[in-house]
Number of protein chains: 2
Amino acid sequence: MRIASTEIYDDFQRKLITGFFRPGSKLKPSSLQGAYGCSANTVRDVLLRLSRVGLVEFEMQRGFRAREASPQRRSDIARFRILLEQTGAALSIENGDLEWEVKLSAAHHKLVHVERQMDRSERSQEEVEVWSDAEREFHETLISRCDSPVLRETYANIYVQFRQQIVFQERNFEGDFYKVIIREHQSIVDAALARNTEACKQAIYDHVKRNL
Amino acid sequence: MRIASTEIYDDFQRKLITGFFRPGSKLKPSSLQGAYGCSANTVRDVLLRLSRVGLVEFEMQRGFRAREASPQRRSDIARFRILLEQTGAALSIENGDLEWEVKLSAAHHKLVHVERQMDRSERSQEEVEVWSDAEREFHETLISRCDSPVLRETYANIYVQFRQQIVFQERNFEGDFYKVIIREHQSIVDAALARNTEACKQAIYDHVKRNL
DNA sequence: AAACAATAAAATTTCAAAATTTTCAAAATT
DNA sequence: AATTTTGAAAATTTTGAAATTTTATTGTTT
């Protein structure tokens with residue numbers, strides 16, 4: 001059989017981020033096993049790996065749970081995300097060379113393209129995931145020249161936890177949501193490419209502050 | 001049989017932080033199993049959980065390694081630790097009440113006591129661990145009123161990774177090392193209790209900067 | 001009715017072995 | 001001589017079931 005757990009891992013991650021597994025709900029290897037045609041232990045293995053990212057909570061002898069979601073936790077994560085992204089962006093502005101500018105500009109271009117589409121048509125589950133990937137790619141590129149593996153690693157984890165928290169925020173996709181988002185991303189990329197650290201920090205704050 | 005993996009987990013963590021498992025070295029469940037009288041799968045389980053803390057590196061189909069150590073990585077972690085601790089301390093200074101002051105002062109008192117002993121006598125492996133625990137307790141109390149679970153959780157992980165990095169820094173225990181450390185901790189606690197945010201940030205930086 | 005104890009059911013952890021994949025060294029090919 | 005292929009050994013992943021622990025249920029006592 002093919003490397004089962006990679007696929008199971010990806011599927012679980014998706015279901016956690018999209019809220020298919022409700023925050024706080026119990027994840028029982030013995031129950032989930034059947035749906036994937038693998039043993040309970042393989043599920044356990046996958047869940048242990050997901051707890052590394054912070055999407056799953058693990059307590060010895062108590063099993064696994066999808067990470068709890070609450071306004072407090074969302075706000076906490078948002079605050080932390082701002083700290084990491086501001087720091088990473090400031091360092092990237094300092095260290096980044098032409099290659100960084102090119103990559104950032106490319107990631108932004110792609111993101112805008114996706115967001116314009118989102119603004120026009122209805123959003124299917126799949127399209128939202130495409131957007132989510134492009135968004136992550138943009139933000140990770142922004143901080144990519146902070147030259148701190150540990151900051152980038154932490155940011156990656158926080159980003160997915162952030163997604164997990166905001167998925168049940170219903171008010172997301174109303175009216176001109178994407179128009180606003182497009183402007184916010186534009187502000188960030190403009191400040192970054194202009195090497196204006198303070199403006200970039202402010203733009204990052206403005207982008208995330210609705211989740212505080 | 002007793003909950004094996006808790007003890008194995010603690011033992012592994014200790015061996016990783018104290019450098020018994022050399023940074024970068026392969027950790028093979030099949031080999032380690034024998035020494036603990038458990039199955040390879042239990043070792044795997046423990047190692048997956050340790051990879052959550054960042055002490056162990058895991059790559060699918062490639063197994064486990066003690067996290068790599070290098071001057072670059074040490075510096076990176078030190079930098080990140082400063083960011084987290086400065087942020088956490090600043091927030092604690094803002095939010096902390098009398099109870100926080102009491103706890104911080106108590107943790108500092110205990111730490112000084114241990115450090116004075118260390119300065120007098122020779123340092124056994126066990127004594128260093130007692131000191132290390134007291135030090136962690138002090139720094140975690142310092143940031144304990146940042147009111148950000150995610151910051152505290154990240155700090156806890158970074159702290160142990162920091163220990164893992166500096167264990168092979170031989171020049172540690174020479175001469176008046178502990179005298180210097182005592183002064184540094186004093187500066188931190190003084191600034192914190194005086195609610196002097198900027199001085200506290202500076203003291204944190206001065207305390208960690210030798211590892212940059 | 002509330003608190004406690006005993007028991008049954010469910011879930012988690014652990015094991016030992018089978019299946020799969022990677023690694024490494026020797027042989028074959030370019 | 002360098003690269004590629006091959007095959008055996010080693011390591012990792014997965015399994016299915018046994019051992020252990022937690023949780024839920026029922027019955028008993030205060």
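Letters A, B, ... are given to chains in the order of the sequence lines, protein chains preceding strands, and every chain is numbered from 1.
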Starting from C1' on D:dT15, measure out to CD1 on A:Ile8 and report it in whole angstrom. 12 Å

Consecutive-pair stems (at least three Watson-Crick or G-U pairs, under 3.5 Å) that include DNA chain C: C:1-30 with D:1-30

With respect to B:Ile77, which candidate in B:Arg73, B:Arg74, B:Arg79 satisfies the side-chain contact (heavy atoms from CB on, under 4.5 Å) definition? B:Arg73

Electrostatic pair A:Arg14-A:Asp10, nearest N-O below 4.0 angstrom: no

How are the rings of B:His185 and B:Phe138 set relative to one another: parallel (under 30°), tilted (30 to 60°) or perpendicular (over 60°)? perpendicular

Go through the side-chain N and O atoms of B:Gln165 and B:Gln161 and say whether any donor and acceptor fall under 3.5 Å apart. no

Mind telling me whether B:Trp131 and B:Tyr178 have parallel, tilted or perpendicular rings, with 30° and 60° as the class edges? perpendicular

Please give, in whole Å, the distance from C:dT22 P to B:Glu59 CD? 11 Å

Nearest-Å distance, OH (B:Tyr36) to P (C:dT14)? 14 Å

Are the ring centres of A:Phe12 and A:Phe64 closer than 6.0 Å? no

Which residues within residues 26-34 of chain A lie with some heavy atom under 4.0 Å of an atom in DNA chain D? none

Return the value, rounded to whole Å, for the distance between atom CG of A:Asn41 and atom P of C:dA11. 16 Å

Using whole Å, what does the distance between atom P of nucleotide D:dA11 and atom CG of B:Leu47 come to? 15 Å

Which part of the nucleic acid, if any, lies within contact of A:Phe58, taking any heavy atom under 4.0 Å across all strands shown: a base, the sugar-phosphate backbone alone, or nothing? sugar-phosphate

Out of D:dT15, C:dT14, D:dT14, whichever nucleotide has its closest atom nearest the side chain of B:Met60: D:dT14

Could you check how far CG of A:Asp45 sits from P of D:dT15, rounded to whole Å? 10 Å

Taking B:Arg195 first and then B:Glu101, would you say they form a salt bridge - that is, a charged N and a carboxylate O separated by under 4.0 Å? yes

For the backbone of B:Phe21 and the side chain of B:Ser25, can you confirm whether one donor and one acceptor N or O come within less than 3.5 Å of each other? no

Would A:Arg52 and A:Glu153 pass as an ion pair if we require N to O under 4.0 Å? yes

Would you say A:Arg62 places a side-chain N or O within less than 4.0 Å of OP1 or OP2 belonging to D:dT23? yes

Here the distance between atom C1' of C:dT14 and atom CD of A:Gln61, to the nearest Å, is 11 Å

A:Leu48 CG - C:dT14 P separation (whole Å): 11 Å

